[in-house]
Amino acid sequence: MKALAKLKAQPGIWLHDTGKPALGHNDLLIKIRKTAICGTDVHIYNWDEWAQNTIPVPMTVGHEYVGVVEEIGCEVEGFAIGDRVSGEGHITCGHCRNCRAGRRHLCRNTQGVGVDRPGAFAEYLVIPAINAFKIPDNISDDLAAIFDPFGNALHTALSFDLVGEDVLITGAGPIGIMAAAVARHVGARHVVLTDINDYRLTLAQQVDPRIHIVNVVQASLADTMQQLGMTEGFDVGLEVSGAPQAFREMLNRMNHGGKIAMLGIPAADMAIDWSEVIFKGLILKGIYGREMFETWYKMASVIQSGLDLTPVITHHYPVEQFQAGFDVMRSGQSGKVILNW
Ligand code: NAD
Ligand code: ZN
């Protein structure tokens with residue numbers, strides 16, 4: 001089968017022929033239809049320090065996908081051949097305390113699809129059936145292919161009650177844009193989204209024109225707050241950039257008693273003014289992945305209740321043109337990029 005893999009310990013990614021993955025008793029074999037490129041795949045492409053320390057070579061990469069069940073392991077129940085599925089890319093151990101308590105998203109022994117085990121940028125993927133999620137008929141293949149990052153966005157956004165609250169989101173990457181759209185959808189009052197990239201801020205407004213955007217290079221967040229009549233500060237912050245400067249400004253703009261969910265991954269140690277956290281009585285919550293599988297059900301239902309994320313997907317390529325897909329992702333002039341298999 002065709003697969004996109006990290007074949008050499010150097011920048012790049014390669015399309016090659018490899019064997020179809022073997023099906024275990026508890027697994028599904030999924031024929032992949034569409035995949036999306038994640039920031040993680042770009043790190044692997046770039047072969048940065050994280051990738052060098054994490055990815056064994058060779059490795060088929062990718063973990064954002066939709067496909068159709070083609071074979072079913074003999075112990076599997078609840079799936080049928082032909083089911084359209086996406087899946088959770090964190091394979092959890094099942095025997096640690098959190099797994100046993102039903103908090104699988106906090107498993108301490110997680111294996112990553114396309115990171116620690118063969119991924120979805122291939123004609124076929126094998127995953128444990130429990131990780132698969134059936135996609136309702138009225139959700140498109142395109143949207144199903146981005147359920148993994150949509151799940152990051154939804155899990156981050158729903159960490160705290162947003163109804164009637166003023167919400168600051170730093171970072172208008174695909175995940176920040178989707179988190180802003182969710183915040184609007186569930187009834188926040190003001191949703192303010194910052195970035196340093198106009199392409200992405202404009203894209204956010206195409207997803208929902210009620211999102212207030214601020215390019216922090218050209219304009220001040222304080223001015224936007226004043227225009228909105230915000231006299232005290234933000235109630236909830238969603239840090240989705242990984243940029244230390246963005247996080248420091250967020251801390252500064254929070255109201256006392258504010259709550260912050262942190263998904264963005266800083267590249268290195270990040271110094272902050274801890275007195276902001278202490279004297280404002282802020283609550284900080286780290287976010288890793290999505291809740292298994294509560295976030296997945298909510299993703300389907302918020303789309304079915306009218307959230308339209310289609311504009312987040314800006315580019316489609318046949319897999320043979322994967323290089324163009326990675327190039328546009330690396331340029332920052334894109335939302336989600338889909339590869340058709
Ligand atoms: P992305 O890199 O596409 O988006 C980050 C955005 O932050 C970019 O648009 C960038 O221009 C913007 N930015 C940079 N400096 C800024 C500043 N000073 N102020 C405001 N914005 C600024 O990434 P993404 O795919 O949308 O993911 C968002 C973040 O979440 C990344 O850091 C990613 O590594 C991380 N992530 C974490 C998890 C997890 O489980 N914790 C999962 C997926 C992604
Ligand atoms: Zn576990």
Side-chain angles (χ1 to χ4, degrees), residues 36-44 46 48 50-51 63-64 88-112 114-115 128 130-131 146-157 159 168-181 192-204 213-221 237-250 252-253 261-268 270 285-292 295 312 314 328-337:
I37 303 176
C38 173
T40 302
D41 305 321
V42 175
H43 286 289
I44 296 171
N46 291 342
D48 64 12
W50 170 83
H63 55 275
E64 301 181 359
E88 171 58 53
H90 291 178
I91 310 287
T92 56
C93 74
H95 56 71
C96 73
R97 178 174 178 170
N98 282 318
C99 280
R100 286 166 58 91
R103 299 183 293 261
R104 287 172 167 267
H105 61 292
L106 298 175
C107 175
R108 51 188 298 124
N109 306 312
T110 300
Q111 297 273 303
V115 174
I130 190 163
N131 278 60
I146 64 166
F147 259 37
D148 174 295
F150 176 29
N152 294 131
L154 192 79
H155 180 30
T156 308
S159 288
L168 172 62
I169 301 161
T170 46
I175 297 178
I177 294 175
M178 291 190 277
V192 179
L193 176 64
T194 67
D195 205 291
I196 55 174
N197 173 332
D198 279 328
Y199 176 97
R200 287 182 151 186
L201 290 168
T202 307
L203 184 59
I213 55 170
V214 183
N215 184 329
V216 290
V217 176
Q218 298 151 6
S220 114
L221 190 52
L238 310 178
E239 206 309 293
V240 201
S241 73
Q245 196 46 49
F247 184 47
R248 287 193 278 262
E249 168 131 52
M250 174 177 278
N252 187 246
R253 300 293 173 198
M262 301 179 68
L263 180 96
I265 303 170
M270 174 165 73
K285 181 185 178 193
I287 304 285
Y288 182 49
R290 300 139 297 274
E291 279 192 16
M292 293 169 222
T295 307
V312 174
T314 54
V328 73
M329 272 294 284
R330 294 166 82 218
S331 76
Q333 304 293 298
S334 78
K336 288 306 298 184
V337 176

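Counting starts at 1 for both ligands and their atoms, following the listed order.
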May I ask you to check whether I265 has an N/O atom sitting below 3.5 Å from an N/O atom of ligand 1? yes

I'd like to check which ligand 1 atoms, numbered from 1 as shown, lie under 4.0 Å from a non-hydrogen atom of I287. 39 (C), 40 (O), 41 (N)

Ligand 1 contact on N152 by region, counting heavy-atom pairs under 4.0 Å: side chain

Should you measure from each heavy atom of T194, which atoms of ligand 1 turn up under 4.0 Å away? 20 (C), 21 (N)

Right, does atom 30 (O) of ligand 1 have protein non-hydrogen atoms nearer than 4.0 Å? yes

Atom CZ of R103 and atom OG1 of T92: how far apart are they, to the nearest 0.5 Å? 13.0 Å

Nearest-option assignment for atom 22 (C) of ligand 1, heavy atoms, candidates S241, G289, A172: S241

Does H63 have its ring centroid less than 6.0 Å away from the ring centroid of H90? no

Heteroatom proximity flag, I175 to ligand 1, N/O under 3.5 Å: yes

May I ask you to list the atoms of ligand 1 that are less than 4.0 angstrom from any heavy atom of P174? 3 (O), 26 (O)

Any G39 heavy atom less than 4.0 Å from ligand 1: no

Near G173, which atoms of ligand 1 are under 4.0 Å from a heavy atom of that residue? 3 (O), 4 (O), 6 (C), 9 (O), 26 (O)

Going by heavy atoms in the side chains, are L106 and Y288 under 4.5 Å from each other? no

Looking only at N/O atoms, are A243 and ligand 1 under 3.5 Å apart anywhere? no

Are side-chain heavy atoms of C99 and C93 found at a separation under 4.5 Å? yes

Which of the ligand 1 atoms, numbered from 1, are nearer than 4.0 Å to a heavy atom of G264: 29 (C), 30 (O), 32 (O), 35 (C)

Pick from T170, D195, V42: the one approaching atom 6 (C) of ligand 1 most closely through a non-hydrogen atom: D195

